[in-house]
Asks: 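Quick one: the structure is below, and I'll ask about it shortly.
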Amino acid sequence: GDIIVTDNLWKTYEMGDQEVHALRGVNLRIRHNEYVAIMGPSGSGKSTLMNLIGCLDSPSQGKYWLNGHDVSELNDDELARIRNKEIGFVFQTFNLLARATALHNVELPLIYNGTPAAERTQRAKATLESVNLGTRMMHKPNELSGGQRQRVAIARALVNNPSIILADEPTGNLDSKTGDEIMALFDDLHSKGNTIVLVTHEPDIAEYAHRIVTIRDGVIASDHPSTRNRNQ
Ligand code: ADP
Ligand code: ADP
């Protein structure tokens, strides 16, 4: 079934007496277990679309259904609840708590949703093990490499079993070898049934996905299988 459905999504920012139409009628449908890259030049609307898909912001016009919920009309509290349940975020800058161990960072989403302590720790440990960080659980971010930090962030994104993983330039702060390792991990997650939406401006990174959606001036300019997917 469909995890993401948007119908004529618009986002307009008010800048003094000016209006910026960052999205101008986006229609996008993403099915369960798809692996989609969203590409486009700077200023094309990628971040705006990612913020709407991730329930960080609401559209100015149009409809958005996330895993069957109509989320276009929700208030901020309702959006936060849906976001915590449905979305696992991975960012370019990792966004880990510097003073907390890897384990504590991964437990945070479970603390937020009230999971009992024993279950929380057990799930966070199992998730860290699944990204090959079983031996680094008590390390703090500054005791880990960039690639390890991103794997902590991916474990944090996964620990709540979200319906989609939303990754914004996840390799942007990594050297290319480490970036390839992180993309191999996304491949692995995809093959285990996860739905992945990857926002990137790098064509080589987008090629890891199976479908590439290009956005230009706030509208979808193209939507096609990746070369890798066509060749499979
Ligand atoms: P991208 O992520 O592709 O670089 P953005 O979604 O950040 O594109 O931006 C799309 C357009 O919306 C740009 O013209 C940008 O200047 C404008 N924009 C983005 N965020 C805001 C904001 N908070 N206020 C005003 N304009 C914004
Ligand atoms: P990257 O960010 O691309 O992983 P780094 O320069 O951070 O590259 O790390 C390079 C190597 O050094 C990695 O294999 C990592 O395991 C190791 N490393 C980096 N920082 C630390 C640290 N604080 N303690 C132990 N090993 C580290």
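Start at 1 and go down the list; that is how both ligands and their atoms are numbered. Since this is a predicted model, take the numbers as computed values, not measurements.
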Asks: Would you mind running through ligand 1 and noting each atom that sits below 4.0 Å from a heavy atom of Pro41?
Replies: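 Answer, ordered by atom number: 3 (O).
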Asks: Would you call Glu73-Lys63 a salt bridge at under 4.0 Å N-O?
Replies: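 Between Lys63 and Glu73 there is a salt bridge, with a charged N closer than 4.0 Å to a carboxylate O.
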Asks: Going by the angle between their ring planes, with limits at 30° and 60°, are Tyr35 and Phe186 parallel, tilted or perpendicular?
Replies: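 Answer is tilted, since the angle falls between 30° and 60°.
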Asks: Would you mind checking which non-hydrogen protein atom is closest to atom 7 (O) of ligand 1, with the distance to 0.1 Å?
Replies: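 So the nearest neighbour among protein heavy atoms is Ser47 CB, 3.7 Å.
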Asks: Can you list the atoms of ligand 1 that are under 4.0 Å from a heavy atom of Val20?
Replies: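 Matching atoms, with element in brackets: 12 (O), 14 (O), 17 (C).
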Asks: Spell out, as yes or no, whether a donor-acceptor pair under 3.5 Å connects the side chain of Thr6 to the backbone of Val26.
Replies: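 Yes: the side chain of Thr6 pairs with the backbone of Val26.
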Asks: With a 4.0 Å cut-off, would you call Asp77 and Arg81 a salt bridge?
Replies: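 Salt bridge between Asp77 and Arg81, a charged N being under 4.0 Å from a carboxylate O: no.
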Asks: Distance under 4.0 Å to a non-hydrogen atom of Ser44: what atoms of ligand 1 satisfy this?
Replies: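 Result: 1 (P), 3 (O), 8 (O).
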Asks: Taking only heavy atoms of Ala22, which atoms of ligand 1 are found under 4.0 Å from at least one of them?
Replies: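 Those of ligand 1 that fall under 4.0 Å from Ala22 are 10 (C), 11 (C), 12 (O).
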Asks: Thinking salt bridges, do Asp57 and Lys11 make one under a 4.0 Å N-O criterion?
Replies: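 Between Lys11 and Asp57 there is a salt bridge, with a charged N closer than 4.0 Å to a carboxylate O.
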Asks: Look at atom 15 (C) of ligand 1 and say whether a protein heavy atom is found at less than 4.0 angstrom from it.
Replies: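 No.
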Asks: Which residue and atom name correspond to the protein heavy atom nearest atom 27 (C) of ligand 1, and how close is it?
Replies: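 Heavy-atom neighbour on the protein nearest atom 27 (C) of ligand 1: Tyr13 CD1, 3.2 Å.
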Asks: Going by an N to O cut-off under 4.0 Å, is there a salt bridge joining Asp7 and Arg29?
Replies: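 No, Asp7 and Arg29 are not salt-bridged.
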Asks: Should the proximity of Met50 to ligand 1, defined as any heavy atom under 4.0 Å, be assigned to the side chain, the backbone, both, or neither?
Replies: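 Looking at Met50 and ligand 1, no heavy atom falls under 4.0 Å.
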Asks: Kindly give the cluster partners of Tyr112, where membership spreads through any ILVMFWY side chain lying under 4.5 Å from a current member.
Replies: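 None, because no other hydrophobic side chain comes under 4.5 Å of this residue.
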Asks: Quick one: does Gly45 get an N or O within less than 3.5 Å of an N or O on ligand 1?
Replies: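 Yes - when backbone and side-chain N and O of Gly45 are compared with those of ligand 1, one distance drops under 3.5 Å.
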Asks: Consider only side-chain heavy atoms of I, L, V, M, F, W and Y, link residues closer than 4.5 Å, and tell whether Val90 and Tyr208 are in one cluster.
Replies: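 Yes, it is one cluster - the side chains of Val90 and Tyr208 are joined through contacts under 4.5 Å.
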Asks: Distance to 0.1 Å, residue and atom name: give those for the protein heavy atom nearest to atom 4 (O) of ligand 1.
Replies: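 Going atom by atom, the protein heavy atom closest to atom 4 (O) of ligand 1 ends up being Gly43 N, 2.6 Å.
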Asks: Looking at Thr48, which atoms of ligand 1 are within less than 4.0 Å of one of its heavy atoms?
Replies: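 Counting from 1, the qualifying ligand atoms are 5 (P), 6 (O).
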